[in-house]
Chemist: 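Can you read through this structure? Questions will come right after.
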Amino acid sequence: MTPTTKLIEEPVLGRLVDTRQFNLSHLATPESLARRAVREALNGRAEKGRADDAVLVTDEIVGNAVRHAGGAVSLALGVYEHGAMIEVTDRGTDTTVIPSAPSAPLVGQDKLGLDGIDVESLPESGHGLFIVAQCATAWRVKRVEIGKAVIAVFVLPRRTT
């Protein structure tokens, strides 16, 4: 995976064409506004499946902020000629709890020879950042003044007609 900063600093994403900022701190369910904002920002700029990936990742990141960091504070969207950057800021400061590997297989169990696993015994949560890693071109966490920011970057092919 390409480092997030490299995607932004080099001309991979192209010229910045739109930026949007949203205050999420006052919302009971910020995921809804975040999903809608990303969908609207990418409308006509990306293939539907790739836009869906960005919406899913945004939902996961905002949901994690709500569940684990006392709530999301803000959402920043950067739309580029060939991509998008999504940044969710929260007040959480602990970046050590971010897992480095899934706690259980997520998909393709038969391909891995794991047919005997009882699916009902798998954890219901804890897979969000692995979804982020699979869907985003790159992602990272950085400390910011009020806590931390989770940033996901997407290279977005133009929508085909």
Side-chain angles (χ1 to χ4, degrees), residues 1-102 106 123-159:
M1 183 179 305
T2 306
T4 307
T5 51
K6 186 174 183 176
L7 284 170
I8 297 166
E9 290 170 358
E10 292 184 3
V12 174
L13 296 181
R15 181 179 52 84
L16 180 66
V17 295
D18 189 14
T19 60
R20 301 176 188 196
Q21 293 271 357
F22 301 90
N23 178 356
L24 304 176
S25 62
H26 64 288
L27 301 173
T29 56
E31 297 93 337
S32 178
L33 179 135
R35 287 189 305 267
R36 188 172 52 255
V38 170
R39 174 106 28 229
E40 289 172 4
L42 297 181
N43 185 31
R45 295 195 167 276
E47 295 173 345
K48 183 181 179 331
R50 206 59 185 128
D52 290 345
D53 287 347
V55 170
L56 175 62
V57 165
T58 302
D59 187 65
E60 288 294 336
I61 295 171
V62 173
N64 281 348
V66 169
R67 282 186 292 286
H68 305 295
V73 173
S74 66
L75 168 68
L77 303 175
V79 180
Y80 296 80
E81 289 174 308
H82 308 292
M85 182 183 72
I86 297 162
E87 181 172 330
V88 176
T89 304
D90 62 47
R91 288 188 178 86
T93 56
D94 188 1
T95 59
T96 63
V97 297
I98 296 172
S100 59
L106 301 178
E124 290 183 21
S125 63
H127 304 302
L129 291 178
F130 304 108
I131 292 170
V132 170
Q134 290 299 307
C135 293
T137 305
W139 73 280
R140 73 179 186 133
V141 178
K142 70 176 183 178
R143 291 188 188 277
V144 293
E145 189 174 320
I146 64 166
K148 69 177 179 300
V150 179
I151 302 166
V153 175
F154 297 83
V155 173
L156 301 171
R158 286 292 293 172
R159 209 171 100 187

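The first residue of the sequence shown is numbered 1, and numbering continues consecutively from there. No hydrogens, no waters, no symmetry mates; every other heavy atom, side chains included, goes into these values.
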Chemist: What is the minimum heavy-atom distance between Asp90 and Ala65, and which atoms define it?
Modeler: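 Reported closest heavy-atom pair: OD2-CB, 3.6 Å.
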
Chemist: Taking side-chain contact (heavy atoms from CB on, under 4.5 Å) as the criterion, tell me which of Thr137, Ile131, Val132 meets it with Cys135.
Modeler: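 Between Cys135 and the candidates, side-chain contact (heavy atoms from CB on, under 4.5 Å) is satisfied uniquely by Ile131.
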
Chemist: Show the nearest heavy-atom pair for residues Leu77 and Ala37, with the distance to one decimal.
Modeler: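 Where Leu77 meets Ala37 most closely, the heavy atoms are CD1-O, 3.7 Å.
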
Chemist: Under the side-chain contact (heavy atoms from CB on, under 4.5 Å) rule, collect the residues that match up with Leu33, sequence neighbours excluded.
Modeler: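 Testing Leu33 for side-chain contact (heavy atoms from CB on, under 4.5 Å), a comparison that skips the adjacent residues, returns Phe22, Leu24, Leu27, Arg36.
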
Chemist: Tell me the closest heavy-atom pair linking Leu13 and Val155, and the distance in Å.
Modeler: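 Here Leu13 and Val155 meet closest at CD2-CG2, 4.0 Å.
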
Chemist: Could I get the full list of side-chain contact (heavy atoms from CB on, under 4.5 Å) partners for Ala149, not counting sequence neighbours?
Modeler: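 With neighbours one apart ignored, the set is Glu87, Thr89, Lys142, Val144.
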
Chemist: If you take all heavy atoms of Val62 and Ala72, which pair is closest and at what distance?
Modeler: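 Closest approach of Val62 to Ala72: CG1-CB, 4.1 Å.
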
Chemist: Side chain to side chain donor-acceptor pair (under 3.5 Å) with Arg35: which residues, sequence neighbours excluded?
Modeler: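 With sequence neighbours excluded, Arg35 shows a side chain to side chain donor-acceptor pair (under 3.5 Å) to Asp59, given in chain and number order.
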
Chemist: Between atom OG of Ser74 and atom CD1 of Ile146, what is the distance when rounded to the nearest 0.5 Å?
Modeler: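 So the OG of Ser74 and the CD1 of Ile146 are separated by 6.0 Å.
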
Chemist: Side-chain contact, heavy-atom cut-off 4.5 Å: Val150 with Asn64?
Modeler: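 No, too far: nothing below the 4.5 Å cut-off.
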
Chemist: Distance-only criterion, 3.5 Å: show the donor-acceptor pairs between side-chain atoms of residues 51-58 and protein atoms not counting sequence neighbours.
Modeler:
residue: Asp52; atom: OD1; partner: Arg39; partner atom: NH1; Å: 2.7
residue: Asp52; atom: OD1; partner: Arg39; partner atom: NH2; Å: 3.0
residue: Asp52; atom: OD1; partner: Lys48; partner atom: NZ; Å: 3.4
residue: Asp52; atom: OD2; partner: Lys48; partner atom: NZ; Å: 2.9
residue: Asp53; atom: OD2; partner: Arg50; partner atom: NH1; Å: 3.1
residue: Thr58; atom: OG1; partner: Ala54; partner atom: O; Å: 2.8

Chemist: Just jot down the side chain to side chain donor-acceptor pair (under 3.5 Å) partners of Thr19, sequence neighbours excluded, or say none.
Modeler: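 Partners of Thr19 under the side chain to side chain donor-acceptor pair (under 3.5 Å) test: none.
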
Chemist: Taking all atoms of both residues into account, what is the closest heavy-atom pair of Val66 and Pro30, and its distance?
Modeler: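 Between these two residues, the closest heavy atoms are CG2-CG, 3.7 Å.
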
Chemist: Can you measure from NZ (Lys148) to CZ (Arg91) and round to the nearest 0.5 angstrom?
Modeler: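 Between atom NZ of Lys148 and atom CZ of Arg91 there are 12.0 Å.
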
Chemist: Kindly write out the residues that satisfy side chain to side chain donor-acceptor pair (under 3.5 Å) with Arg67, not counting sequence neighbours, or none if the list is empty.
Modeler: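 Here no residue qualifies.
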
Chemist: Does a side-chain heavy-atom distance below 4.5 Å link Tyr80 with Val12?
Modeler: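 A side-chain contact under 4.5 Å is absent here.
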
Chemist: Can you name the residues that form a side-chain contact (heavy atoms from CB on, under 4.5 Å) with Ala84, not counting sequence neighbours?
Modeler: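 With neighbours one apart ignored, the set is Leu42, Leu156.
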
